[in-house]
Amino acid sequence: MSTAILTGPPVPGSSLDADLRSLGFDVEVATGPRETGALLAAVPAGQRVALVDPRFVGHVHSLRLALTDPRFPAAAAPGALTAQPEARAALTRALGAAGTAETPAPGGQATDTVVDNLPDTLAAALDADGVAVHRPQLGTLVAAVPDGPEARHQARTAVEAVDDEAVRLKSAVKAHDGFFTTFFISPYSRYIARWCARRGLTPNQVTTASLLTALLAAGCAATGDRAGYVAAGVLLLVSFVLDCTDGQLARYSLQYSTMGAWLDATFDRAKEYAFYAGLALGAARNGDDVWALALGAMVLMTCRHVVDFSFNEANAGSGTATALSNRLDSVGWTVWARRMIILPIGERWAMIAVLTAATNPRIVFWALIVGCAFGACYTTAGRVLRSLTRRAARTERACRALADLADSGPLAELQARLLHGRAGAVGPLFTAALGAAVMIGGALYLPFGDPRLIAVAVIYAMTAGLAGARPLKGALDWLVPPLFRAAEYVTVLVLAAKSDSPQALPAAFGLVAAVAYHHYDTVYRIRGGTGAPPAWLVRTIGGHEGRTLVVAVLAALSANRGNDFASALTALAVAVGLVVLVESIRFWVSSGAPAVHDEGETA
């Protein structure tokens, strides 16, 4: 329970007390700053506290947006201010500055200082004290502190003219989303979100239901029969509806949480890749081995996403490509066309569901690979053009984020230390591209188990260190992390495909899935503002160059014994998966994790 303090006597006929209680607040009444300070001091230190001018007139949803969003230490709307525990000390100081001293009244009796619209005064004081006060965009919603009966009547008339529930439902949907999601899911999923909210369901519960539905869809696909494929397609679409609903529920009811951030950030990939595995198992039941295609689709999707993440973290400035994009946005149909051709998650899952029900896994994977490859080429070309025309210098924070996304381990770190200040004129991008090409080329050219591949992996580790010896400040240096992802994942894919064991590709699928989880986890930690995973974790799992070297060694040791290679990959996948999952869970359920709900990537 939270506490709301009215900073003056209630206004007759006002519903403010009832509105605040409907939002979960206990309501106290003060006569001015001094009594407000006394009531504030009586509120337990771990509670949220809100100060509201009793003259406030506005929509309940205005109060909800200003006073109940858990993501911000302090937030305000006209006539209303809230502070979470971390901002309570600053609020107490602001109250002192506002005037809590007694003022002599006629007859010698002390009275409290009068401050007009105390919440707004305190919000300005918090800003001046360095506390960032969030002020939500209210749009057509009303939040006002009218002065006098006529202004109060006008404010109430404005409140009655706007249906705040309609605004609340509309704002539950992301402003920018894919064509399929916007026109085929959101028109009804928002009402499912409201239904869930009214029954006390949480976004985390809906997210979990979406995961379980997707896993059931993967199980149906694994049966390998037509009825199973049809059921899998239907269930995958249901899972996607729930996936949209959880975010809409979070926005509708402002239920943002650290656990929700972790679940929403990782379950999309877990659902999609589990479904790939289900399709591969179903195909195997019919004598068609498509594990290489399943792993190829996962590698392509993960590399495509790291391109998106790296580009965004690099803070590339606007250029001619941005100008072209803005001109295209003025032509309505091009907005949807460009969103569809990159095959975002809505279109992608719809395509997978329909093709699963109507065709077979091989066709599904080839359509997925072709579509995603085209989308990746389109988006990457545009981002390269933006980067080449950018003018702003890359910040130190952006360089640090790119280095964290590179996921270089102890071998590359050692090489970077040895070369510190002596990296020469060769840029990080050229070095990373050369190393990735050598590594992938060696895996493709050399026979499986050839010990020379170990030497190639050592060279790759050295180039990774050379690339990391200088800050990633070049215009295209955001491509370094995707190049490292491609080198590691494709090497695992190629070696598993060249192995004699039919179990090597499924084992490689598990290994890449475990490592990809680590890489997605890194992205969302950086987005949350808490930085990359701890250095000990990256060192423990070897970094991209260390894992690549280990896989090359395992292949050499398993020459002519493919089953041993499959077993080794399985053991490596389990070890990496357990370490990164345990640390990830520890982080995301801790108080240090960011209280956000990921809005998701359209791609």
Side-chain angles (χ1 to χ4, degrees), residues 2-5 7 20 23-25 33 36-37 40-41 43-53 56 58 61-98 115 117-139 141 143-145 171 174-175 250-251 253-261 265 312-313 315 392 395-398 400-401 523-532 587-588 590-599:
S2 302
T3 299
I5 301 173
T7 58
L20 290 170
L23 295 176
F25 288 95
T36 299
L40 175 63
V43 176
Q47 276 193 16
R48 171 196 292 271
V49 66
L51 305 182
V52 185
D53 192 297
F56 177 89
H61 195 49
S62 296
L63 288 172
R64 181 182 289 107
L65 290 171
L67 303 182
T68 67
D69 196 324
R71 296 173 296 174
F72 308 103
L81 170 68
T82 186
Q84 296 212 64
E86 55 266 40
R88 287 277 297 273
L91 179 59
T92 301
R93 291 194 299 271
L95 265 171
V115 178
N117 198 343
L118 181 59
D120 284 6
T121 300
L122 296 177
L126 289 178
D127 280 328
D129 196 23
V131 178
V133 179
H134 171 68
R135 291 175 172 81
Q137 297 295 321
L138 299 180
L141 295 174
V145 182
S171 62
K174 286 197 300 187
R251 288 182 286 273
S253 56
L254 300 184
Q255 296 184 73
Y256 303 98
S257 67
T258 55
M259 179 65 78
N312 291 335
E313 289 301 328
N315 291 321
T395 65
E396 291 300 323
R397 180 201 173 280
R400 180 69 261 168
V523 165
Y524 289 108
R525 292 194 196 210
I526 293 173
R527 281 184 169 184
T530 58
F587 170 78
W588 286 104
S590 71
S591 59
V596 297
H597 188 90
D598 177 59
E599 290 294 310

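Along the sequence shown, residues are numbered consecutively beginning with 1.
- Annotation for Asp69 and Gln84: closest pair O-NE2, 4.0 Å, computed over non-hydrogen atoms.
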Donor-acceptor contacts, no H, no angles, side chain residues 122-135, under 3.5 Å, sequence neighbours left out:
| residue | atom | partner | partner atom | Å |
| --- | --- | --- | --- | --- |
| Asp127 | OD2 | Arg135 | NH1 | 3.0 |
| Asp127 | OD2 | Arg135 | NH2 | 2.9 |
| Asp129 | OD2 | Arg93 | NE | 3.3 |
| Asp129 | OD2 | Arg93 | NH2 | 2.6 |
| Arg135 | NH1 | Val133 | O | 3.4 |

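- Nearest heavy atoms, Pro70 versus Leu254: CD-O, 3.4 Å.
- The backbone N or O of Val49 sits less than 3.5 Å from a side-chain atom of Thr82, completing a donor-acceptor pair.
- Here the straight-line distance linking atom CD of Glu313 with atom CZ of Arg397 works out to 5.0 Å at 0.5 Å rounding.
- Under the side chain to side chain donor-acceptor pair (under 3.5 Å) criterion, Thr3 pairs with Gln47, not counting sequence neighbours.
- To the nearest 0.5 Å, the span separating OG1 on Thr530 from CH2 on Trp588 amounts to 6.0 Å.
- The two atoms that bring Ala66 and Ala77 nearest to each other are CB-CB, 3.6 Å, heavy atoms only.
- Residues meeting the side chain to side chain donor-acceptor pair (under 3.5 Å) test with Arg88, sequence neighbours left out: none.
- Listed here is the closest heavy atom pair of Ala83 and Leu91: CB-CD2, 3.9 Å.
- Nearest approach of Leu40 to Ile5, heavy atoms of both residues: N-CD1, 3.7 Å.
- Partners of Glu86 by side chain to side chain donor-acceptor pair (under 3.5 Å), not counting sequence neighbours: none found.
- A pairwise comparison of heavy atoms in Leu138 and Ala143 identifies CD1-CB, 3.6 Å as the closest pair.
- In this structure, the separation between OH on Tyr256 and CZ on Phe72 is 8.0 Å, given to the nearest 0.5 Å.
- By the salt bridge (charged side-chain N to carboxylate O under 4.0 Å, His left out) test, Asp120 is found to be paired with no residue, residues two or more places apart in sequence or in another chain being considered.
- Within the 4.5 Å cutoff, no side-chain heavy atoms of Val52 are placed close to those of Phe25.
- Checking side-chain atoms of Arg48 against main-chain N and O of Leu67 turns up a donor-acceptor pair under 3.5 Å.
- Atom CG of Leu51 and atom OG1 of Thr121 lie 11.0 Å apart (nearest 0.5 Å).
- Thr68 meets the side chain to side chain donor-acceptor pair (under 3.5 Å) test with no other residue; sequence neighbours excluded.
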